[in-house]
Undergrad: 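Attaching a single structure in structure tokens format; questions to follow.
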Amino acid sequence: MKKIVIALSVMALLTSCVSKKKYTDLEARNKETQDLLNTATVKLNSCLEEKAGLAATAATLKEQNQGLISVSKDMTVLSTKGAQNIEKALESIKEKDLKISRMQDALTKKDSVTLALVTSLKSSVGISDPDIEINVEKGVVFISIADKLLFKSGSYEVTDRAKMVLAKVAKVVNDKPDFECMVEGHTDNVPYNGTGVLLDNWDLSVKRSTSIIRVLTNQLGVKPEQLIAAGRSSYIPLVANDSAENRSRNRRTRIVVLPKIDQFYEMIEKEMKKQRP
């Protein structure tokens, strides 16, 4: 009660000290200030909410940025590896293209080179006879001689006429001391019915081979270390053994000349040079 009396006394005092106009102005200013404060408070709250939203967005963007940086690093590594792999692949392709090109060049020259080599060997042998064939297969030279030029029927004794033919062959072998020559005996399919040490066509084919080798080494000066004896019996026929003529073709001795690759191409090169204008 006492406080109420004091408050009324103060109000009376203020009323008496401040004019009504000033009080009204103060009250208006107070209201204006309150309105401004309320407006500022609203804007502040709005700004705080916006700040919180921006902070959340910034955090999300930062996280995404870190992810992108990580992906970028991975992509850089992958790109580098990919570039290296592509480079290796291109190098491999270039090497293969070069090999293919060389092989194509070699195949292009093959036919003319084969003809040149066969011509050279025929010239060296000096024989033009349908019972003597000279050809080249896969870098190997074959001299095939019909047995009727070398042996009597069912025999492995070399005839005098055969020694004349073998002398020509020996000239080729002696001119190439680093070459090896395999002497192959071939028979027809008629079973061997002779007597003595021979049991069958296998024995006959091998014995004919060794007989020729003895003539080449003992009488014609060919080095034994250059020669290989082999017998093929009747199992590699040229034609079917269905007639006397065909069986005669299948009875043959084949001398296989086995040059080293570098010597082979050296021989080819020499012959090609001879044929150049």
Side-chain angles (χ1 to χ4, degrees), residues 103 106-107 109-151 156 158-159 161-187 202 204-239 249-275:
M103 290 175 66
L107 290 172
K109 296 176 182 177
K110 179 179 179 296
D111 292 340
S112 59
V113 165
T114 299
L115 177 61
L117 183 57
V118 170
T119 302
S120 175
L121 286 172
K122 284 188 175 181
S123 175
S124 296
V125 174
I127 296 174
S128 178
D129 193 311
D131 294 319
I132 299 175
E133 296 180 0
I134 300 175
N135 53 52
V136 179
E137 295 178 15
K138 299 179 180 179
V140 178
V141 182
F142 298 95
I143 304 172
S144 184
I145 307 172
D147 270 11
K148 65 183 180 181
L149 297 179
L150 301 174
F151 307 101
Y156 55 84
V158 180
T159 65
R161 182 187 178 190
K163 293 176 183 178
M164 296 174 60
V165 174
L166 292 176
K168 302 292 186 179
V169 174
K171 181 179 182 299
V172 174
V173 178
N174 288 332
D175 286 343
K176 307 297 178 185
D178 294 327
F179 285 18
E180 289 185 338
C181 295
M182 182 165 61
V183 182
E184 286 183 351
H186 295 259
T187 70
W202 278 111
L204 179 59
S205 64
V206 174
K207 191 63 177 175
R208 284 180 170 179
S209 172
T210 56
S211 295
I212 289 173
I213 284 178
R214 287 190 181 94
V215 173
L216 291 173
T217 56
N218 297 339
Q219 299 180 31
L220 300 174
V222 177
K223 294 186 295 184
E225 57 267 27
Q226 285 184 258
L227 302 175
I228 304 167
R232 307 302 297 268
S233 187
S234 61
Y235 297 103
I236 313 288
L238 293 175
V239 292
R249 286 190 62 190
N250 289 331
R251 294 191 301 270
R252 67 199 188 279
T253 295
R254 191 170 74 161
I255 298 174
V256 185
V257 184
L258 306 169
K260 295 179 181 178
I261 294 298
D262 54 344
Q263 295 169 338
F264 181 72
Y265 283 106
E266 182 181 353
M267 184 166 61
I268 292 172
E269 185 178 358
K270 287 181 181 178
E271 183 57 30
M272 294 298 289
K273 286 180 179 178
K274 290 180 185 178
Q275 296 190 14

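For clarity, every value in this text was computed on a predicted model and none was experimentally measured.
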Undergrad: How long is the gap from CD1 on Ile143 to SG on Cys181, to the nearest 0.5 Å?
TA: 7.0 Å
Undergrad: Is it the case that the side chain of Asp147 and the backbone of Thr187 share a donor-acceptor pair, with hydrogens and angles ignored and the cut-off at 3.5 Å?
TA: no
Undergrad: In Å and rounded to the nearest 0.5 Å, what is the NZ to CZ distance from Lys148 to Arg161?
TA: 8.0 Å
Undergrad: To check you understand the geometry: which heavy-atom pair defines the closest contact between Leu216 and Ala170, and what is its length?
TA: CD2-CB, 4.0 Å
Undergrad: At what distance, to the nearest 0.5 angstrom, does CD1 of Ile145 lie from CD1 of Ile255?
TA: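 Answer rounded to 0.5 Å: 4.5 Å.
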Undergrad: Mind running side chain to side chain contact (heavy atoms under 4.5 Å, CB included) on Val165 and Lys168 for me, showing each step along the way?
TA: CA-CA 5 Å; Val165 174; Lys168 302 292 186 179; 5.7 Å; no
Undergrad: Please examine the side chains of Phe151 and Thr253, heavy atoms only from C-beta on, and report whether any two atoms are closer than 4.5 Å.
TA: yes
Undergrad: In sequence, state the C-alpha distance, the side-chain angles, and the governing distance for Tyr156 and Val206, and then conclude on side chain to side chain contact (heavy atoms under 4.5 Å, CB included).
TA: CA-CA 9 Å; Tyr156 55 84; Val206 174; over 6 Å; no
Undergrad: Is any side-chain heavy atom of Lys223 closer than 4.5 Å to one of Thr217?
TA: no
Undergrad: Would you kindly say whether Ser234 and Asn250 are connected by a side-chain donor-acceptor distance under 3.5 Å?
TA: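 Looking only at side-chain atoms, Asn250 and Ser234 do not form any donor-acceptor pair under 3.5 Å.
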Undergrad: I'd like to check Gln226 versus Glu180 (side-chain heavy atoms, cut-off strictly below 4.5 Å). Are they in contact?
TA: no
Undergrad: Which distance, rounded to the nearest 0.5 Å, do you find between the CG of Leu238 and the CZ of Arg251?
TA: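 Taking CG in Leu238 and CZ in Arg251, the distance rounds to 12.0 Å.
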Undergrad: For Lys163 and Gln219, run side chain to side chain contact (heavy atoms under 4.5 Å, CB included): C-alpha distance rounded to whole Å, both residues' side-chain angles, the deciding distance at 0.1 Å, then the answer.
TA: CA-CA 9 Å; Lys163 293 176 183 178; Gln219 299 180 31; 3.7 Å; yes
Undergrad: Walk me through it: do Leu150 and Ile212 pass the test side chain to side chain contact (heavy atoms under 4.5 Å, CB included)?
TA: CA-CA 9 Å; Leu150 301 174; Ile212 289 173; 3.7 Å; yes
Undergrad: When rounded to the nearest 0.5 angstrom, what distance separates CZ in Arg232 from OG in Ser205?
TA: 9.5 Å
Undergrad: Would you compute the distance between atom OG of Ser209 and atom CZ of Arg254 and round it to the nearest 0.5 angstrom?
TA: 12.0 Å
Undergrad: Between Asn174 and Val222, what is the shortest heavy-atom contact and its length?
TA: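 Between these two residues, the closest heavy atoms are OD1-CA, 3.5 Å.
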